[in-house]
Amino acid sequence: MVSFAVVGVVTLFAVNPADASPASPKYQQKSGPYVVRGVDSAADRNRVGGTGASIDSIENGAATVTATPDEARQIERLGFSISRTRTEGFPAADSGYHDYAEMQAELDRAAKAYPKIMQKLSLGKSYEGRDLPLIKISDNVAKDEDEPEILYDAHQHAREHLTVEMALYLVRMFTEGYGKDPRITRLVDTREIWIVPDMNPDGGEYDLTGGKYHDWRKNRQPVGGGYKGVDLNRNWGYKFACCNGSSSSLSSETYHGPQAFSAPETQRLRDFVLSRRVGGVQQIKAAIDFHTYSELILWPYGYTMNTTAAGLGSDQQKTFSALGHAFARSNGYTPEQSSSLYITDGSIIDWLWATQGVWAFTFEMYPNSPSKGGFYPPASVIDAQTARNRDASLTLAEYADCAYRVIGKQQLCATAPSPR
Ligand code: 0X9
Ligand code: CA
Ligand code: CA
Ligand code: ZN
């Protein structure tokens, strides 16, 4: 598993002819990381490198370079688009939220503080080349032990920033609570917990550019016709684009992409989940995919209004519903089948359940109305609205050894240990 961490961290080259040049005042200014777009050919790379900037990595024509301000100006004069990798972050009033760099810093701090139970790994890179962090929390964290695994992922949709705070809350809860809270200690000792705090860093950062929100939902991949963005939660490969639960229009908010898993971000999480099959048995047993907003607990399927369907029998439907109602007792959300909201095809939970047998839920977090802030509730709600899902998140992990127990049918776990 640890080898997964190095995937995607490829330093291509670092041409630096400026090293030999005489020290001008400009070169004494502080260098910084930039992203340069439109670096598509070897000739482009040489032109960028020829300014003296170092090219630290490159993906889909987006180069991360370390450059002095003077080199950055030269790159711009060559006709490339260049910007600081660091955005302005959240507007001052919402500074309690974590932008991408702040999230990474918090994850790094936690991994350093709790090395025995937490690892910071990587799923690989987003379309624009940002790292997609992957957190593992367990006792003997460096070992792949035979313990039920749980997945919590957040931020498929760019503007749903509260979900990143939810993931950071879970990281703090499991690490700081270990050895103090018996419920958490028991879970960390008997489970392997995976947290993907940011599935869509490109969209999330774009949403914060220019000191205002952009109401952005999709990723930032060009899709043709001058449009950008695939709806990641319509890009998963079960019943992809089947049922009018997504759009084939390039400009649509629910554009599903040209084919399933066309987005690098869904590919990366899919490949990770598939890598958790050991001896043909999926190790991840349960999952929550965090979204905002509406205060809902949703379970499969999203692609059909039918309560049972291929791969979803009546005991399984009852198990989903019973778990959903158990979560609702602690967080007060409304529990229902995903399609009772509206039909969605190509969503992550349909894929996780249908192809991997993962008991997968979508949580739509606070608020329950646009008047309370919609996708942009004030930072003052973060603590209460993340803690609100503490019990439900723990309950899911507790049932990961045998979800059928919630309907009193634990014998099904012996006869059918893995639904897929
Ligand atoms: O439309 C979505 O992807 C989710 N709502 S959101 O406002 N966060 O965009 C709901 C998805 C629910 N359906 C499934 N998970 N199948
Ligand atoms: Ca362990
Ligand atoms: Ca394991
Ligand atoms: Zn969403």
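Owing to the predicted nature of the structure, the values given are computational and were not obtained by experimental measurement. We count ligands from 1, going down the list as the structure has it; atoms in each ligand are counted the same way. Note: hydrogens, waters and symmetry copies are ignored here, and every other heavy atom, side chains too, is used.
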(request) Could you confirm whether E364 has any N/O/S atom lying under 2.8 Å from the Zn ion (ligand 4)? (result) no

(message) Tell me if the aromatic rings of F361 and F320 count as close, with their centers under 6.0 Å from one another.
(response) yes

(request) For residues W359 and Y404, establish whether the separation of their ring centroids is below 6.0 Å. (result) yes

(request) Provide the number and element of each atom of ligand 1 under 4.0 Å from a heavy atom of T344. (result) 13 (N), 14 (C), 16 (N)

(message) Between ligand 1 and L296, can you find any atom pair, the residue atom being a heavy atom, that is separated by under 4.0 Å?
(response) no

(message) For atom 15 (N) of ligand 1, what's the nearest protein heavy-atom neighbour? Residue, atom name and distance, please.
(response) T362 OG1, 3.0 Å

(request) Run the numbers for me: atoms of ligand 1, each under 4.0 Å from some heavy atom of S347, listed by number. (result) 14 (C), 15 (N), 16 (N)

(request) Could you tell me whether T292 approaches ligand 1 through its side chain, its backbone, both or neither, with non-hydrogen atoms closer than 4.0 Å? (result) backbone

(request) Specify which N/O/S atom of E145 comes nearest to the Ca ion (ligand 2), by atom name. (result) OE1

(message) If only side-chain N and O atoms count, and only distance matters, is there a donor-acceptor pair under 3.5 Å linking H256 with S247?
(response) no

(message) Between ligand 1 and S338, is the shortest N or O to N or O distance under 3.5 Å?
(response) yes

(message) Below 3.0 Å, can you find an N, O or S atom of D139 next to the Ca ion (ligand 2)?
(response) yes

(request) Would you indicate whether Y213, at its atom OH, is surrounded by more than 12 heavy atoms from other residues, nucleotides or ligands within a distance under 6.0 Å? (result) yes

(message) Taking ring-ring contact (aromatic ring centres under 6.0 Å, His included) as the criterion, tell me which of F363, Y169, Y366 meets it with F290.
(response) F363

(message) As a test of understanding, state which of K116, E192, E145 forms a side-chain contact (heavy atoms from CB on, under 4.5 Å) with D139.
(response) E145

(request) Give a yes or no on this: more than 12 heavy atoms of other residues, nucleotides or ligands lie within 6.0 Å of atom NZ of K143. (result) no

(request) Compute the ring centroids of F272 and W194, then answer whether they are less than 6.0 Å apart. (result) yes

(request) Heavy-atom contacts with E160 under 4.0 Å: which atoms of ligand 1 show up? List them by number with element. (result) 6 (S), 8 (N), 9 (O)

(message) Give me the nearest non-hydrogen protein atom to atom 5 (N) of ligand 1 as residue plus atom name, then the distance to 0.1 Å.
(response) E364 OE2, 2.6 Å

(message) Within the 4.0 Å heavy-atom shell around N233, which atoms of ligand 1 are there?
(response) 2 (C), 3 (O), 11 (C)

(request) Identify, by name, the N, O or S atom of E147 lying closest to the Ca ion (ligand 2). (result) OE1

(message) What verdict does the side-chain hydrogen bond (donor to acceptor under 3.5 Å, both in side chains) test give for T66 and D56, after you've listed the backbone C-alpha separation in whole Å, the side-chain angles of each residue and the deciding distance to 0.1 Å?
(response) CA-CA 7 Å; T66 308; D56 304 323; 2.5 Å; yes

(message) Does R186, at its CZ atom, have more than 12 non-hydrogen atoms belonging to other residues, nucleotides or ligands within less than 6.0 Å?
(response) no

(message) As a test of reading the structure, name the N/O/S atom of H291 that is nearest the Zn ion (ligand 4).
(response) ND1

(request) Just jot down the ligand 1 atoms closer than 4.0 angstrom to any heavy atom of L298, in number order. (result) 12 (C)

(message) Please list, in number order, the atoms of ligand 1 under 4.0 Å from a heavy atom of H291.
(response) 8 (N)

(message) Suppose we only count N/O/S atoms under 3.0 Å; would S138 qualify as near the Ca ion (ligand 2)?
(response) yes

(message) Name the residue from T362, T334, N389, N331 that meets the side-chain contact (heavy atoms from CB on, under 4.5 Å) definition with I297.
(response) N331

(message) Below 4.0 Å, non-hydrogen atoms only: which portion of Y342 touches ligand 1? Side chain, backbone, both or neither.
(response) side chain

(message) Can you tell me if Q156 contacts ligand 1 (heavy atom of the residue under 4.0 Å from the ligand)?
(response) no

(message) Out of all atoms in ligand 1, which are within 4.0 Å of some heavy atom of G302? Include the element for each.
(response) 16 (N)

(request) Mark yes when over 12 heavy atoms from residues, nucleotides or ligands other than N244 sit less than 6.0 Å from its CG; otherwise mark no. (result) no

(request) Give the name of the N/O/S atom in H157 that lies closest to the Zn ion (ligand 4). (result) ND1

(message) Within the 3.5 Å criterion, strictly below it, is a donor on H161 or D94 matched to an acceptor on the partner's side chain?
(response) no

(message) At less than 4.0 angstrom from any non-hydrogen atom of R217, what atoms of ligand 1 do you find?
(response) 1 (O), 2 (C), 3 (O), 6 (S), 9 (O)

